[in-house]
> 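Below: one structure in structure tokens.
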Amino acid sequence: MTEEKQTERYDFRAIEKKWQRRWEEAGLFHAENKSDRPKFYGLDFFPYPSGAGISVGHCRNYVPLDVACRQKAMQGFNVLHPMGWDAFGQPAENEAIKRGRNPKEMVEEYAANYKRQLKLVGISYDWSREINSSHPDYYKWTQWFFLLLYKRGLAYRASTPINWCPSCKTGLANEEVVAGRCWRCGTPVEKRPMPQWYFKITAYADRLISGLDTIQWPEGIKLMQREWIGRSEGAEVDFPVVGHEETIRVFTTRPDTLWGATFMVLAPEHPLVDVVTTAEQRAEVEAYKLKAQRETEIERQSTERAKTGVFTGAYAVNPVNGEQIPIWIADYVLMGYGTGAIMAVPAHDQRDFEFARKYNIPIVLVYQISVDQTIEAMTEATPHTGTMVLSPFAGSPNDKTTVNKVIRWLEEKSIGQGRVNYRLRDWLISRQRYWGAPIPIIHCPKDGEVPVPEDQLPVVLPDVEKYQPTGTGESPLAGIPEFVNTICPVCGGPARRETDTMGGFACSSWYFLRFADPHNNEEAFSREAADYWLPVDLYVGGAEHAVMHLLYARFWTKVMYDAGLIAFEEPFQRLRNQGMLLAHTPGREVRKDEDVSDGEDTDSDEPIEDWKVLRPEERKTFPPDQIVWRWVKMSKSKGNVVTPDEIAEKYGADSLRVYGLFVAPFEDTVQWTDTGIEAAHRYVNRVWRLWTELRPHYRPDWRADLGAISSLEGQERNLRRKLHQTIRKVGEDIESFRFNTCIAALMELTNDLSAFRNELGNKAPTEPQAILISEVLETLTLLLSPIAPHLADEFWERLGQEGFTFRQPWPQFDPEVAAEEAITIVVQVNGKVRDRLLVPVDMPDSEIEKLALESEKVRAELDGKQVRKVIAVPGKLVNVVIG
RNA sequence: GCCGAAGUGGCGGAAUGGCAGACGCGGUGGUCUCAAAAACCAUUAGGGGCAACCCUGUGUGGGUUCGACUCCCACCUUCGGCACCA
């Protein structure tokens with residue numbers, strides 16, 4: 001036969017377009033709120049749709065979850081896999097300002113583009129549930145939740161110094177300040193006193209810690225949350241101030257060292273500073289306060305910084321021994337933690353030790369390491385060693401038990417109180433920006449703060465021409481009289497609306513619930529829908545939200561639980577973080593003193609940047625030999641974005657999917673390479689050719705003749721075993737997010753199938769061979785379905801089947817077929833491999849041991865030496881210990 | 001500084017107490033072709049040997065074990081997080 005038929009070309013563009021259209025027409029991914037099947041809710045962190053669209057980097061979290069969801073659907077689950085837009089917030093507003101555009105229109109356009117791209121990649125979203133946090137029918141409920149928190153005493157307005165970003169011109173939550181800088185723009189953050197809205201997240205601190213034990217999240221993320229909440233146990237103690245009514249309250253984790261307190265330190269901003277400072281010291285104290293105020297957070301937080309401080313002239317009384325100790329102010333004490341004041345125990349706290357040495361303040365040992373220990377010889381504080389020598393507890397060890405004993409004693413004597421303190425601060429929710437959900441509060445001159453009645457929600461964000469931040473600390477909304485002026489719901493008199501909007505994290509703290517019931521106009525979600533779908537079974541997104549979004553969403557969920565709205569306390573059962581995608585990017589080296597935007601870091605130990613991306617226009621003119629290539633995160637600002645559009649056009653969406661899954665473990669940071677995507681494409685092509693060549697031998701009724709292949713031998717038996725092993729492996733690997741080895745397993749199967757095809761050549765297959773081919777082709781098609789869904793559905797159709805692989809049951813493996821018949825037993829001598837034995841699976845250990853000892857290699861090693869021990873591990877190896 | 005994760009061929013990675021390097025990239029040789037590409041086949045950790053084989057090898061140094069990439073201790077490096085938290 002010379003009709004060596006040319007295999008049909010793999011026309012992925014046509015195939016992918018065709019199936020995407022058919023899926024949409026069939027409403028294939030539409031999830032019903034009721035089903036006899038068990039539910040599965042898979043969720044991606046909902047994105048802010050930026051103008052750059054999605055890059056192949058985004059596909060690294062959307063595709064794996066899509067694979068998991070598609071597999072769940074085939075396994076018989078009723079799957080909810082939704083997508084929506086985190087459209088409110090500063091990123092969108094900043095971009096709109098930059099482009100001189102209306103944020104509303106702009107966001108619609110960008111979201112539409114995202115949607116188009118996600119469809120292009122073949123993600124199985126139920127688009128009928130698409131939501132947009134900037135739509136009134138969504139933010140109505142964000143406002144409703146604000147009022148829920150308000151009514152439960154969890155939203156309050158207070159005027160304390162806030163983190164202010166001078167570039168974004170708005171307040172920032174503590175979580176949004178990274179190393180003293182704004183997390184969005186990197187501008188050093190300032191402190192400003194201003195009346196602001198807060199959510200009382202600190203009231204939930206303990207539950208936010210304990211809840212972590214009930215969920216399957218990466219340990220690193222849990223740890224970061226625990227640290228952020230920063231629980232510490234200790235005591236509060238009041239120190240009377242000599243000659244004043246006031247007392248200074250301190251929090252300490254080490255009340256057992258009270259007897260060694262030789263001075264006190266107040267934060268420069270502490271309200272009592274002005275009260276206690278003496279006339280002689282006032283000038284010096286004022287100067288220090290001013291200096292501390294001028295310093296940015298960055299400067300104040302810099303490590304290895306020498307301690308500085310000023311004496312106030314005042315003294316406090318140590319309540320445990322009546323001694324008078326000086327009161328200082330110093331910037332190493334922070335107003336934002338504890339009470340803003342500390343008792344200083346230089347002997348047992350390193351910071352206090354340094355301070356005492358510098359200002360010649362006495363040091364008193366509470367715990368002594370040895371009888372001849374002298375203060376003069378000390379070079380550092382000894383926080384965790386020694387035996388107590390002062391106090392009624394002399395003789396106690398320096399440990400937790402002693403601390404607890406002292407706390408009880410303090411409570412009995414009414415000197416102090418046991419107390420738990422948290423690093424977590426309340427969540428600053430006010431933003432002096434336009435593009436957010438207005439805070440639904442009315443300020444009435446008569447009735448004060450009045451919540452907007454629920455039937456008046458939403459408080460609609462007005463359409464305006466000018467929405468730029470004012471920079472005065474007032475929201476742009478304050479300049480719109482039609483918005484501001486309203487009527488007090490209580491007295492009917494004239495009143496003013498709150499003009500701050502909510503930060504974007506409010507919108508994202510409940511969106512996962514809205515997906516359960518996205519079109520509900522009566523409530524945020526129906527209890528029934530929430531009970532059915534929630535909690536989210538699998539949540540996938542980047543680790544950059546480890547504290548912010550994930551902490552806030554957990555907080556709101558607990559509030560809703562307490563309000564009886566839902567039956568669960570943790571919103572996300574299982575969480576996975578995908579790794580970053582890096583692109584090889586040309587840049588140039590930058591001298592450390594060049595291009596440093598805020599040229600005042602004279603002694604900063606960290607260079608801001610010693611390398612800069614070349615701008616596109618620079619790339620053409622820059623001397624090639626001076627270009628320094630680096631792997632950096634793919635982002636529009638770096639000019640190194642690869643879009644799914646171009647990859648889908650050149651290689652196809654299925655190839656892109658395979659690439660991202662295969663290139664590295666899901667959590668790992670990976671480097672985008674052209675050879676990588678080409679390899680994936682080559683594999684998909686290879687499957688296409690192999691499958692297409694074998695397709696003519698397919699028998700639709702192969703299941704009826706399974707008996708014909710129950711006793712295959714040789715290569716055919718091996719291929720069938722491989723097939724069933726692959727079913728097992730692919731199933732397990734998708735379940736556990738090990739997509740790279742999952743693809744590898746499919747490649748191995750393909751390789752075996754290829755060898756089989758080569759063996760077969762142009763010969764017509766025998767009856768059993770045809771059945772085997774049929775089983776392999778059909779099963780391979782279904783195994784590929786979650787990974788390369790377009791290709792799989794095309795194959796499915798070409799097998800003469802109806803419908804979609806998405807609706808087919810996931811293949812089951814036959815353990816007997818998958819079982820190995822003969823296994824290789826490794827024979828070791830003293831732990832070194834000397835021989836290998838191929839034995840039947842069911843050979844008894846004693847037999848294997850005997851064979852091993854008879855092995856020529858082993859006998860050669862023996863050479864007169866004694867066999868001391870023989871270790872046999874069933875199915876694995878025999879180790880002969882000689883000596 | 002503290003906390004966490006990681007370190008394996010030329011490269012991405014596999015193996016989580018039992019055959020180190022699956023799978024893929026890249027390389028080399030071959031088949032096909034007028035030629036090339038594609039595809040297919042073979043080979044590919046390093047060193048030694050004509051060979052069958054032998055030795056070395058998972059960041060470094062110790063330890064536990066019959067046996068360690070895997071567990072324990074110390075150190076080095078890289079990445080991520082936190083950073084005067086009283």
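Chain A is the first sequence line, chain B the second, and so forth, proteins listed ahead of strands; every chain is numbered from 1.
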> Looking only at side chains, do A:Asn685 and A:Tyr651 share a donor and an acceptor under 3.5 Å apart?
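No - no donor-acceptor pair under 3.5 Å links their side chains.
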
> Under 4.0 angstrom, heavy atoms only, what part of the nucleic acid is A:Val826 near: base, sugar-phosphate, or nothing?
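The residue A:Val826 makes base contact.
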
> Hunt down the Watson-Crick or G-U wobble partner of B:U56, both distances under 3.5 Å, from any strand shown, or write none.
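B:U56 is paired with B:A45.
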
> Compare the minimum distances between each of B:G12, B:C84, B:G4 and the side chain of A:Leu223, then state the nucleotide with the smallest one.
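Taking heavy atoms from C-beta onward, the closest nucleotide is B:G4.
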
> Tell me whether the rings of A:Trp328 and A:Tyr359 are parallel (<30°), tilted (30 to 60°) or perpendicular (>60°).
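Tilted, since the angle between the ring planes falls between 30° and 60°.
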
> Are A:Arg834 and B:C55 close enough that a side-chain N or O sits under 4.0 Å from OP1 or OP2?
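Yes, such a contact exists.
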
> Got a salt bridge between A:Asp213 and A:Arg226, using NZ or NE/NH1/NH2 to carboxylate O under 4.0 Å?
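Looking at A:Asp213 and A:Arg226, the cut-off is met.
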
> Within less than 4.0 Å of OP1 or OP2 of B:G24, is there a side-chain N or O belonging to A:Arg686?
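Checking B:G24 against A:Arg686, no side-chain N or O comes under 4.0 Å of OP1 or OP2.
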
> For A:Asn751, answer base if it contacts any base atom (sugar-phosphate contacts may also be present), sugar-phosphate if it contacts only those atoms, and nothing otherwise; contact means non-hydrogen atoms under 4.0 Å.
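Since only primed, P, OP1 and OP2 atoms lie under 4.0 Å of A:Asn751, the category is sugar-phosphate.
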
> Mind telling me if B:G9 is syn or anti? Syn here is a glycosidic angle within 90° of 0.
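The base of B:G9 is oriented syn (glycosidic angle within 90° of 0).
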
> What about A:Gln828, does its side chain sit under 3.5 Å from the base of B:G18 through a donor-acceptor pair?
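Flag set: donor-acceptor pair detected.
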
> Assign A:Asp349 to base, sugar-phosphate, or nothing according to its heavy-atom contacts below 4.0 angstrom with the strands shown.
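Here A:Asp349 touches no strand at all.
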
> Could you check whether A:Ser232 gets within reach of a base, just the sugar-phosphate, or nothing at all, counting any heavy atom under 4.0 Å?
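Counting heavy atoms under 4.0 Å across all strands, the contact made by A:Ser232 is with sugar-phosphate only.
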
> Parallel, tilted or perpendicular: which fits the ring planes of A:Trp629 and A:His584, with parallel below 30° and perpendicular above 60°?
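Tilted.
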
> Heavy atoms under 4.0 Å, any strand shown: does A:Asn758 hit a base, just sugar-phosphate, or nothing?
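Counting heavy atoms under 4.0 Å across all strands, the contact made by A:Asn758 is with sugar-phosphate only.
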
> Measuring to OP1 and OP2 of B:C40, would you say a side-chain N or O of A:Arg689 lies under 4.0 angstrom away?
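Checking A:Arg689 against B:C40: at least one side-chain N or O falls below 4.0 Å of OP1 or OP2.
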
> Whom does B:C85 pair with, Watson-Crick or G-U wobble, provided both distances fall under 3.5 Å?
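Pairing partner: none.
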
> Is the shortest heavy-atom distance from the side chain of A:Pro319 to the side chain of A:Asp238 under 4.5 Å?
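A:Pro319 does not reach A:Asp238 side chain to side chain.
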
> Is B:C25 paired to anything, Watson-Crick or G-U wobble with both distances less than 3.5 Å, and if yes, which nucleotide?
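When the pairing criteria are applied, B:G10 turns out to be the nucleotide that pairs with B:C25.
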
> What nucleotide among B:A22, B:C85, B:G81 has an atom nearest to a side-chain atom of A:Leu334?
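Of all the options, the side chain of A:Leu334 is nearest to B:C85.
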
> OP1 or OP2 of B:C85 sitting under 4.0 Å from any side-chain N/O of A:Asn421?
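So the side chain of A:Asn421 is outside the cut-off, no N or O lying under 4.0 Å from OP1 or OP2 of B:C85.
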
> Quick one: label A:Lys307 by what it contacts on the DNA or RNA (base, sugar-phosphate, nothing), any heavy atom closer than 4.0 Å.
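Answer is base: heavy atoms of A:Lys307 come under 4.0 Å of a base.
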
> Students often get this wrong, so: under 4.0 angstrom with heavy atoms, is A:Val663 touching a base, only sugar-phosphate, or nothing?
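Sugar-phosphate contact only.
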
